[in-house]
Amino acid sequence: MTPEEAVAEQERLRPRVVTTTDPDLVVRHVAGLDVSYADDDRLVAAVVVLDADSLETVDSAVVHGRADFPYVPGLFAFRELPSLLDALATLTVPPDLLVCDGQGLAHPRRFGLACHVGVLTDLPSVGVAKTPMGRFDPPGEERGAVGDLVDDGEVVGRALRTRAGVKPVFVSVGHRIDLDRACAEVLRLCVHRLPETTRRSDSLGRAHLR
DNA sequence: GCGACAG
DNA sequence: ATCTTGTCGC
């Protein structure tokens with residue numbers, strides 16, 4: 001797949017993104033998705049499913065793969081998507097929501113990793129990135145404070161303070177959820193700066209790198 | 001032409 | 001993403 005084809009694929013799938021929440025959506029099981037990289041082109045995709053209330057881990061999956069697409073800002077999904085989908089397919093506990101390590105709508109073509117994974121699995125998804133894509137209004141210092149994430153004059157997500165006094169994370173809609181609900185779901189997963197979903201999938205994947 | 005640019 | 005110890009603070 002060439003970068004040009006990848007862009008075309010994003011533009012083809014982008015109209016399928018749904019930015020509203022099903023009134024009946026109950027998030028009981030949340031999945032965290034992350035990929036770790038070795039020195040060569042090997043990678044490990046890790047998915048962890050947590051009980052959203054107790055934050056207990058109820059399922060997990062690990063898949064070894066190869067990076068066959070370079071890291072290109074804006075095309076990040078094409079590097080991690082194949083292995084992440086493989087890992088999701090081996091889960092025993094079906095997640096109600098996917099929490100991705102990266103952007104959703106906060107993307108140059110409004111189709112970041114979280115949107116891509118959400119559309120392909122048809123599951124609600126949110127993107128939680130450690131760094132912003134556009135500029136953002138600094139949120140207040142208290143836990144739960146938010147500020148707009150703006151790109152090209154549009155509000156594409158929110159800077160969310162998940163812990164008092166620490167750098168915010170950047171939340172954007174992936175699929176089948178609205179921004180308010182996305183932020184609320186992310187906040188309740190946060191004991192530390194990053195959601196437990198990403199912390200646990202990250203450490204699980206890293207542990208399998210050896 | 002120059003800088004920006006998730007992980 | 002990854003390379004990486006100690007150290008400051010609650």
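Protein chains get the first letters and strands the later ones, always in sequence-line order, with residue 1 at the start of each.
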### Query
For DNA chain B, what is the dot-bracket line, given that a base pair needs Watson-Crick (N1 to N3, plus N6-O4 or O6-N4) or G-U wobble (N1-O2 and O6-N3) geometry with both distances under 3.5 Å, and | means paired with another strand?
.......
### Task
Check whether the side chains of A:Tyr71 and A:Glu80 place a donor and an acceptor atom closer than 3.5 Å, and report yes or no.
no
### Query
Separation of A:Leu84 atom CG from B:dA6 atom P, in whole Å?
18 Å
### Query
CG of A:Asp152 versus C1' of B:dA6: gap in Å, rounded?
17 Å
Pair [X] + [Y]: basic N to acidic O under 4.0 Å:
X: A:Asp68; Y: A:Arg66; result: no
X: A:Asp180; Y: A:Arg158; result: yes
X: A:Asp122; Y: A:Arg176; result: yes
X: A:Arg199; Y: A:Glu196; result: yes

### Message
Quick check for you: name the first and last nucleotides of DNA chain C, 5' to 3', having an atom under 4.0 Å from a heavy atom of chain A.
### Response
C:dA1 to C:dT2
### CA sep, side-chain torsions, deciding dist, call: A:Arg161, A:Glu142, salt bridge (Lys or Arg N to Asp or Glu O under 4.0 Å)
CA-CA 7 Å; A:Arg161 189 87 62 189; A:Glu142 73 283 8; over 6 Å; no
### Side chain proximity check, A:Asp151 to A:Met133, heavy atoms < 4.5 angstrom
no
### Query
Hey, are the side chains of A:His175 and A:Arg16 touching, using non-hydrogen atoms and a 4.5 Å cut-off?
no
### Task
Determine the contact category for A:Arg135: base if any of its heavy atoms lies under 4.0 Å from a base atom, sugar-phosphate if only primed atoms, P, OP1 or OP2 are that close, otherwise nothing.
nothing
### Message
Whether A:Tyr71 contacts B:dA6 is assessed here as follows: a side-chain N or O lying under 4.0 Å from the phosphate OP1 or OP2. Is that the case?
### Response
yes
### Message
For A:Phe78 and A:Phe69, take the angle between the two ring planes, folded into 0 to 90°, and tell me which bin it lands in: parallel under 30, tilted 30 to 60, perpendicular over 60.
### Response
tilted
#### Entry: Watson-Crick or G-U stems involving DNA chain C, each at least 3 pairs long, distances under 3.5 Å, ordered by first number
none
### Query
salt bridge (Lys or Arg N to Asp or Glu O under 4.0 Å) between A:Asp53 and A:Arg28: does it pass, once the steps are laid out?
CA-CA 7 Å; A:Asp53 292 320; A:Arg28 165 123 189 263; 5.9 Å; no
